[in-house]
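Each remark here refers to the structure printed beneath this line.
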There are 2 protein chains.
Amino acid sequence: MMAVSVNQALKKTLRDHELKATSQRIALLKLLNGTSEHFDAEEIYFELHKRQKNVSRATVYRSLEALVEQQLVTKLDFGDGRMRYERNQGEDEHHDHLICEACGKVIEFFNLEMEAQQIAVCEEHDFKPSSHTMHIFGTCSNCQKK
Amino acid sequence: MMAVSVNQALKKTLRDHELKATSQRIALLKLLNGTSEHFDAEEIYFELHKRQKNVSRATVYRSLEALVEQQLVTKLDFGDGRMRYERNQGEDEHHDHLICEACGKVIEFFNLEMEAQQIAVCEEHDFKPSSHTMHIFGTCSNCQKK
DNA sequence: TACGAAAATAAGACTTATTCTCATTTACGC
DNA sequence: GCGTAAATGAGAATAAGTCTTATTTTCGTA
């Protein structure tokens, strides 16, 4: 059935990144794969248990770390004291975030001009960038009306 | 002597912002005022003690919170698990940061075009911004040579 | 200048996200 | 199928930051 080949694909993805294909990592990837939410570690732990995958908290953290290192997952810091995680879809799926302080909603955006300016700033300072965070905090359309 | 009038000025600053001018807050402002470093709470605690101001940790956190709320101080999150603080110099001293992952050096920059793009993105999404973080991580000029 | 209410502080207990330890289990090349 | 290196589980440990409560301080008013 379907599930088998999905698992096979995830196994291959993991192995292609020099990670052992443990059932825990497969479950974790599958979870992040199937959502646009930005889960934190505790939510991931809870969601996996809901799906009968009793992965330990330590493994959640360790696996996420490994996946982030392999750039299969991105670690996000929205400034509220815990990290969030999102699946990297393709090669060039980079985006930034608008974060609503009222309802927690996260809007993803990409702005080429902004990226270009970042590169320009780095060049000015002879700085070699490896990553960046661009988060705009404020109030979303919906929450402004309330 | 000099120190008196500096203290008087800081007292006025605090009172102008509806904060009681306690010796702890004055010492804290004076510390941040006199440095371009981005101290974390523990460093501030340590520096104050070095200067014979035995402010408690709780007060360091509470005072910083009050100063941030009054926009006298900016709270920065460089993603390493603790918050940093910097004095706001004037009204329009906003800037972003290049952070060297090798030596920890922080380079401040301001890019008008980038700020303009941020506003444009917000308008596109009918999003009302209150603040943003733009941090570029990478390797500084010096560390690239090593 | 002294008084008193409200606010701020000190000290340390507490919380919460994350990391570490170590005994046990699992993946996977042979 | 075997052996070894890597991964996991369970819970202890850590660390940044918050909370509690008794005490002290600020500052408007007398």
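The sequence lines fix the lettering, A, B, ..., with proteins before strands; numbering per chain opens at 1.
When the C1' atom of D:dT8 is taken as reference, atom OH of A:Y45 falls 13 Å away, rounded to whole Å. In this structure, CG of A:L76 is placed 16 Å from C1' of C:dA17, rounded to the nearest angstrom. The distance from atom CD of A:E18 to atom C1' of C:dG29 is 15 Å, rounded to the nearest whole Å. Spacing between atom CD of A:Q8 and atom P of C:dC28 amounts to 11 Å, rounded to whole angstrom units. Between the CG atom of B:L48 and the P atom of C:dT9 there is a distance of 12 Å, rounded to whole Å. Following rounding to the nearest Å, B:L19 (CG) and C:dA8 (P) show an atom-to-atom distance of 8 Å. Distance CZ (A:F78) to C1' (C:dA17): 17 Å, rounded to an integer number of Å. Rounded to an integer number of Å, the gap from CG of A:L64 to P of D:dA7 is 14 Å.
Without hydrogens or angle criteria, A:T13 side chain to A:A9 main chain gives a donor-acceptor distance under 3.5 Å. Not one N or O on the side chain of A:R25 forms a donor-acceptor pair closer than 3.5 Å with the backbone of A:L19. A donor-acceptor contact shorter than 3.5 Å is absent between the side chain of B:E86 and the backbone of B:N33. With hydrogens and angles ignored, the 3.5 Å screen pairs no side-chain donor or acceptor of B:R82 with any backbone N or O of B:A41. Side-chain atoms of A:H49 come within 3.5 Å of backbone N or O of A:V55 as a donor-acceptor pair. B:D40 places no side-chain N or O within 3.5 Å of a backbone atom of B:R84 that could act as its donor or acceptor partner.
Ring geometry for A:H135 versus A:F137: interplanar angle over 60°, hence perpendicular rather than tilted (30 to 60°).
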*Test B:L64 against B:L28 for side-chain contact (heavy atoms from CB on, under 4.5 Å), laying out the working first.*
CA-CA 8 Å; B:L64 285 170; B:L28 218 163; 3.5 Å; yes
*Take A:S130 and B:E101, measure what side-chain contact (heavy atoms from CB on, under 4.5 Å) needs, and give me the verdict at the end.*
CA-CA 9 Å; A:S130 66; B:E101 292 168 321; 3.0 Å; yes
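Sorted by residue number, the members of residues 49-56 of chain A with any non-hydrogen atom under 4.0 Å from DNA chain D read A:N54, A:V55, A:S56.
Residue A:S63 places at least one side-chain N or O under 4.0 Å from the OP1 or OP2 atom of D:dT8.
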*asked:* For a quick check, with a 4.0 angstrom heavy-atom cut-off, what is the B/S/- contact string for nucleotides 17-26 of chain D, read 5' to 3'?
replied: BBBB-----B
